[in-house]
Asker: 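If you scroll down you'll find the structure; I have some questions about it.
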Amino acid sequence: MEYGFGAIEKKWHEAWKEKKTYSVGNYPSKPKFYVLDMFPYPSGAGLHVGHPLGYIASDIFSRYKRLKGFNVLHPMGYDSFGLPAEQYAIEHGIAPAISTDQNIQNFRNQLNKIGFCYDWEREVRTSNPDYYKWTQWIFLQLFDSWFDRTTQSAKRIHELDKIFTSEGNISRACPGDKKLSFSSSEWIKFDDSTRADILMKYRLAYCGVGEVNWCEALGTVLANDEVINGVSERGGHPVVKKKLRQWYLRITEYAERLIAGLETVEFSDSMKDMQTNWIGKSYGAEMDFELVTENAVSLEKKLKVYTTRPDTIFGVDFMVIAPEHELVSQISTAAQLKDVNAYIEFVNSRSERERMAEKKISGVFSGSYCKNPFNDTLIPVWISEYVLAGYGTGAIMAVPCGDERDFKFAEHFNIPVTNIIGDYFNGSEANATKDARLENSGFLNGMLMSDAISIAINKLEELGIGKRQTNYKMRDAAFSRQRYWGEPFPIVWKNEVATSLPESMLPVELPPMSDLKPGPDAQGPLANLKDWVPFDGGNREVNTMPGYAGSSWYFLRYMDPKNENEFCSRTASDYWGQVDIYIGGTEHAVGHLLYSRMWTKALYDLGYIGFDEPFKRLVNQGKIGGDSRLVYRIRGTKQFVSAGLKDQYETDEIHVDVSMVDGLVLNMDEFKKWKPDFADSTFITEDGEYKCGSRLEKMSKRYFNVVNPDDIVEKYGADTFRMYEMFLGPVEQDKPWDTKGIEGVHRFIKKFWRLFFDAEKGSVLSKEHASDEAWKVFYKMVKKVEEDTARFSFNTAVSGFMIGVNELTDLNCHSLELLEKFLVVLSPYAPHICEELWSLTGHEGSVLDASYPTVEEKYLVETSKEYPLAINGKTRTTLTIDLNATQEEVEKMVLQEPVVIKWLEGNPPKKIIFVKNKMINVVV
RNA sequence: GCGGGUGUGGUGAAAUUGGUAGACACGCCAGACUUAGGAUCUGGUGCCGCAAGGUAUGGGGGUUCGAGUCCCUCCACCCGCACCA
């Protein structure tokens, strides 16, 4: 009986489907375990061998956990809304719903060939109305909520109404408008639309005005990465900033909890750092400076700055405000006005990209001054784009001796620099130290800077001119897109007031459209639907939600995917709880992962779920790179020269499809057939072979180095493919794909098969007990494999299996008793062959329902060990010694060793170090 | 610039707590069986050396009986962020 993987795998795919082997019930008495893959966007290109890496790892882990007695949830679905489908529709006239369905079908076929244990009955698709009904519903819960800073949690908006009625917003600073302040009597007198406007400034999902990249020529809004150097990526048309009504999520209110929550989850350090940096918390002070004329006459205005270094207050040599700052027009003096206006015009002419790309020092003096409250020095106020309007107060106090940018600015405009840090400042470079003792610093003189920070803030607060302030870099990201292929908002505008639709009207289905051209005034395509937009006495919101809407909560839907009454029942989410292991790439570090964490926290605050972090542990799989093949054409000819000889000619390199190359050897006939251009190619070979050059790069169609898993599965079978992907190296690590290496894993699988069946003799299984030696080999293997699987070290587990099979083969072990246990242990890695052998050895049901063998330690007990014997730390020989041997016995044996005698050269050893179970070292 | 990570044979890699560096594979070399081999099996394979031996985990230094592993320092590459006051 030969190992015919093709038939075996097909047979089991059907059997698993038919018997619902992977169907997962919600409430058995077993402990739960939730293993989740980041669901894919179903792109038209399909899968390459890099994609399934994480899926295979999670599949192995899921199967392992199931064998260990857990009820394992391991679902898969599709993040099926998104721009590519819409773009495809515009270019090819195929509706996004249709192309998306086709792509999903293709993905599903590819995934199924690899033999994953997904419970497909729980599949979700974010573009399916049954699903996005609940995306819309959760959006409405966020719309109906505000963030109570005193309790750090989301609350219902009607509670805010109650608070305003009784005390105004005195104790509830407005996150959307810091200056907003009203009393209870004012609140009561406000008309409905004013109240609605104010509440909007508190909502967790809110509508505001934001800038988008508007491209007149394309008639559409572009994403940031579609704009390059101020022009559109496609076509190179000019792009301008345009103010548009946009929806936002108030994620900034959750900044503190998003940071704190990181302490409770197992993410990699780099992942935690990326999120922490993105949130960008900083501690400092806000302080007010009085604005004055050059003659120190008060302008009766204050300039508010934010600084993390209030200890440097005596080193302030100038102020800088952002060009967008509201004071710009008020404090520019007549003499400076012309220069200021010219500068503002210059700034406005540049896109954000240009601004960031070329960091030229630019700025203009406003003509006004600030008074240093501690020594009455006059400080000139400058305007410069190196200060950002959106961060802090949009104004800074510049301390050139301690800040590099301030120093360069001072240097550029010849502003004198005050040194407050003595020798720490060398006059040609700023020094941001906190270790210096302050000089020229009034009441702070002689203090260590790090101590002075807090003392300075206390003084500011005491004088009432400043206060302690924490800031965050993170912004509320736009939650609306001027696009078609996304979730419609369940919002109707009535008299300029956003009104939510009742739950009974959900889902707001995306109306079918054949022509996806943008609507008027930079609106999305939905604005063109004259009979859809007017609704219930108002107009529907025509924006759609962004990609991260549906992906922010999908892990909850898998728990209860068919529920028509709730997004997920509380019983289901209480049972399944957090995702125990989440596997995916790092590219979602600050997008998807932050938003899904925020949604989870909001749903928790509102009482819909019982946990406030979605993912207990996150594993980031590495990328698999492509190994490209290159041929060298002699310039101006149709002759190609083999890699080893190419230096003798002037050549151009050309990428060739890796499928035409075996190792490095090109199949010249196939190459000629590849493209008409190459039909009459000739070759300069090395010993009759044309050798290609190689290069590691991204796996991409462009380089012809894409390897399709379907082809590998076809040639070697899914079990070999799964194990080879794991064997390649640690899951977290980036690594190149090399199809050649797969042979070793394939040989292993065939060798495993031969423990059971011989091609000619048929079954070679024996009913006899396995020898102690065989059991020892087996349990040693189980121990290693289990430990490795548990710590996600799949590559070493695979090598453990190889050693096991090699050694059992050497021992000529064909004991059924032992081998059926082996099947169970191997089945997470190679489910098809194990299922087949499980059935061929007379078992009913799936090998997945067997129980994982327990290691029988009695077979592993050793009585002696082969110790490395080192002289001066260098291993010279080995010595087999009884494990109970004492130091004296060992020393005696060691001194009789010829090698030791030789090295001692007749002298006594200085020392003999014997570490039980480890090694022996003789110091001479 | 800041933060994180990685450097080990021709290649992918292993070494979980400081204890035989290179397990397990690929490739390569030699051989067996075979009409054939992209099947299977056996042996060899870090580098230098006929050997004894020497030498070797990016470079340099340190701690230790002993360092790929710990400490200091320098270098290279990869990823993320980047005027965040």
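By convention in this document, chain letters (A, B, ...) are assigned in the order of the sequence lines, proteins followed by strands, and residues within each chain are numbered from 1. Model, not experiment: these values are computed from the prediction.
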Asker: Quick check on rA13(B): is either OP1 or OP2 less than 4.0 Å from any side-chain nitrogen or oxygen of Gln733(A)?
Answerer: yes

Asker: Heavy atoms only, 4.0 Å cut-off, all strands: where does Asn806(A) land among base, sugar-phosphate and nothing?
Answerer: sugar-phosphate

Asker: For rC41(B), does OP1 or OP2 lie under 4.0 Å from any side-chain N or O of Arg754(A)?
Answerer: yes

Asker: What's the gap between rG19(B) and rU69(B) when it is taken at their P atoms, as a whole Å value?
Answerer: 11 Å

Asker: Strictly by Watson-Crick or wobble contacts shorter than 3.5 Å, is anything paired with rG68(B), and which nucleotide is it?
Answerer: none

Asker: Shortest non-hydrogen contact from Asp317(A) to Pro400(A)?
Answerer: OD2-CG, 3.2 Å

Asker: Go through rA85(B), rC65(B), rA15(B) for me and flag the one nearest to the Thr307(A) side chain.
Answerer: rA85(B)

Asker: Could you give the distance separating rA56(B) and rG68(B) at their P atoms, to the nearest angstrom?
Answerer: 10 Å

Asker: With distance as the sole criterion, is a donor-acceptor pair present between the side chains of Asp406(A) and Tyr386(A) under 3.5 Å?
Answerer: yes

Asker: Tell me the partner of rC77(B), counting only Watson-Crick (N1-N3 plus N6-O4 or O6-N4) or G-U wobble (N1-O2 and O6-N3) with both under 3.5 Å; none if nothing fits.
Answerer: rG5(B)

Asker: How would you label the contact of Glu404(A) with the nucleic acid (heavy atoms, under 4.0 Å): base, sugar-phosphate, or nothing?
Answerer: nothing

Asker: Give me the distance, rounded to whole Å, that separates rA15(B) from rU57(B) when you measure between the C1' atoms they each carry.
Answerer: 11 Å

Asker: Pick the nucleotide of RNA chain B nearest each of Gly744(A) and Tyr306(A); which residue has the one closer to the 5' end?
Answerer: Gly744(A)

Asker: Of all the choices, rU20(B), rA14(B), rG12(B), which nucleotide is nearest to the side chain of Asn795(A) once you look at every atom?
Answerer: rA14(B)

Asker: Using the C1' atoms only, state how far rA76(B) lies from rU8(B), rounded to an integer number of Å.
Answerer: 15 Å

Asker: Select base, sugar-phosphate, or nothing to describe what Lys473(A) touches, counting heavy atoms under 4.0 Å on all strands.
Answerer: base

Asker: For the P atoms, the ones on rU64(B) and on rC47(B), what distance do you get once it is rounded to whole angstrom?
Answerer: 35 Å

Asker: Checking contacts here: which listed nucleotide (rU42(B), rC65(B), rG3(B)) is nearest the side-chain heavy atoms of Asp810(A)?
Answerer: rU42(B)

Asker: Does any donor atom in the side chain of Thr252(A) or Tyr472(A) lie under 3.5 Å from an acceptor atom in the other side chain?
Answerer: no

Asker: Return the value, rounded to whole Å, for the distance between atom CD1 of Ile803(A) and atom P of rG22(B).
Answerer: 13 Å

Asker: Does Lys750(A) reach a base, just sugar-phosphate, or nothing at all? Heavy atoms under 4.0 Å.
Answerer: sugar-phosphate

Asker: Round to the nearest Å and state the distance from Glu732(A) atom CD to rU16(B) atom P.
Answerer: 16 Å

Asker: Counting only Watson-Crick pairs (N1-N3 plus N6-O4 or O6-N4) and G-U wobbles (N1-O2, O6-N3), all under 3.5 Å, who is the partner of rU45(B)?
Answerer: rG27(B)

Asker: So which nucleotide from rU20(B), rA25(B), rU42(B) ends up closest to the side chain of Met802(A)?
Answerer: rA25(B)

Asker: Ignoring backbone atoms, establish whether Arg876(A) has a side-chain N or O less than 4.0 Å from OP1 or OP2 of rG54(B).
Answerer: yes

Asker: What is the distance, to the nearest angstrom, from the CG atom on Asn667(A) to the P atom on rG38(B)?
Answerer: 14 Å

Asker: Can you tell which of rU16(B), rU20(B), rA85(B) lies closest to the side chain of Ile396(A)?
Answerer: rA85(B)

Asker: Sort out the partner of rA52(B) for me: Watson-Crick or G-U wobble, both distances under 3.5 Å, none otherwise.
Answerer: none

Asker: Looking only at the side chain of Val915(A) (C-beta and beyond, no hydrogens), which of the listed nucleotides rG19(B), rU20(B), rC26(B) gets closest?
Answerer: rG19(B)

Asker: Could you tell me if the side chain of Ile912(A) sits less than 4.5 Å from the side chain of Leu895(A), heavy atoms only?
Answerer: yes

Asker: Considering only the P atoms, how many Å lie between rA85(B) and rC77(B), rounded to the nearest integer?
Answerer: 29 Å

Asker: Quick one: which of rA39(B), rA15(B), rC24(B) gets closest to the side chain of Arg791(A)?
Answerer: rA15(B)

Asker: Does Tyr391(A) place a side-chain N or O at less than 4.0 Å from the phosphate oxygens OP1/OP2 of rA85(B)?
Answerer: yes

Asker: Distance check needed: rG53(B) P versus Lys902(A) NZ, whole Å only.
Answerer: 4 Å

Asker: For rG9(B), measure the glycosidic angle (O4'-C1'-N9-C4 for a purine, O4'-C1'-N1-C2 for a pyrimidine) and name it syn if it falls within 90° of 0, otherwise anti.
Answerer: syn

Asker: In whole angstroms, how far is the P atom of rG3(B) from the CG atom of Asp269(A)?
Answerer: 14 Å

Asker: For the C1' atoms, the ones on rG5(B) and on rA39(B), what distance do you get once it is rounded to whole angstrom?
Answerer: 43 Å

Asker: Regarding Trp903(A), tell me which of base, sugar-phosphate or nothing describes its non-hydrogen contacts under 4.0 Å with the strands shown.
Answerer: sugar-phosphate

Asker: Is Asp273(A) touching bases, backbone alone, or none of the nucleic acid, heavy atoms closer than 4.0 Å?
Answerer: sugar-phosphate

Asker: I want to verify a distance call: between rU20(B), rG27(B), rA23(B), whose nearest atom is closest to the Lys740(A) side chain?
Answerer: rG27(B)

Asker: Rounded to the Å, how far apart are Tyr867(A) OH and rG66(B) C1'?
Answerer: 16 Å

Asker: Atom CE of Met274(A) to atom P of rG5(B): distance rounded to whole Å?
Answerer: 11 Å

Asker: Of all the choices, rA13(B), rC24(B), rG19(B), which nucleotide is nearest to the side chain of Pro730(A) once you look at every atom?
Answerer: rA13(B)

Asker: Heavy atoms from C-beta onward define the side chain here; which of rA25(B), rC65(B), rA23(B) lies closest to that of Ser799(A)?
Answerer: rA23(B)

Asker: Let me spell it out: for each of Gly800(A) and Lys281(A), pick the nucleotide of RNA chain B with the closest heavy atom. Which residue's pick is nearer the 5' end?
Answerer: Gly800(A)

Asker: Using a strict cut-off of less than 4.0 Å between a Lys/Arg side-chain nitrogen and an Asp/Glu carboxylate oxygen, indicate whether Lys776(A) and Glu807(A) qualify as a salt bridge.
Answerer: no

Asker: NA contact type, Ile913(A), heavy-atom cut-off 4.0 Å: base, sugar-phosphate, or nothing?
Answerer: base

Asker: If you measure from the P atom in rG18(B) to the same atom in rA30(B), how many Å do you get, rounded?
Answerer: 44 Å

Asker: Search all heavy atoms of Ala589(A) against all heavy atoms of Met271(A) and return the closest pair with its distance.
Answerer: CB-SD, 3.5 Å

Asker: After noting the C-alpha distance and the side-chain angles of Phe752(A) and Phe822(A), does the key distance pass the ring pair (Phe, Tyr, Trp, His ring centres under 6.0 Å) rule?
Answerer: CA-CA 10 Å; Phe752(A) 176 66; Phe822(A) 198 147; 4.9 Å; yes

Asker: Go ahead and name the base partner of rU20(B); Watson-Crick or wobble counts if both distances stay under 3.5 Å, otherwise write none.
Answerer: none

Asker: Any side-chain N or O of Thr877(A) under 4.0 Å from OP1/OP2 of rU20(B)?
Answerer: no

Asker: Could you state the atom-to-atom distance from NZ of Lys360(A) to P of rC83(B) in whole Å?
Answerer: 17 Å

Asker: What are the two closest heavy atoms between Ser268(A) and Asn620(A), and how far apart are they?
Answerer: OG-OD1, 4.0 Å

Asker: Closest approach of Val745(A) and Thr720(A), non-hydrogen atoms and distance?
Answerer: CG1-O, 3.7 Å

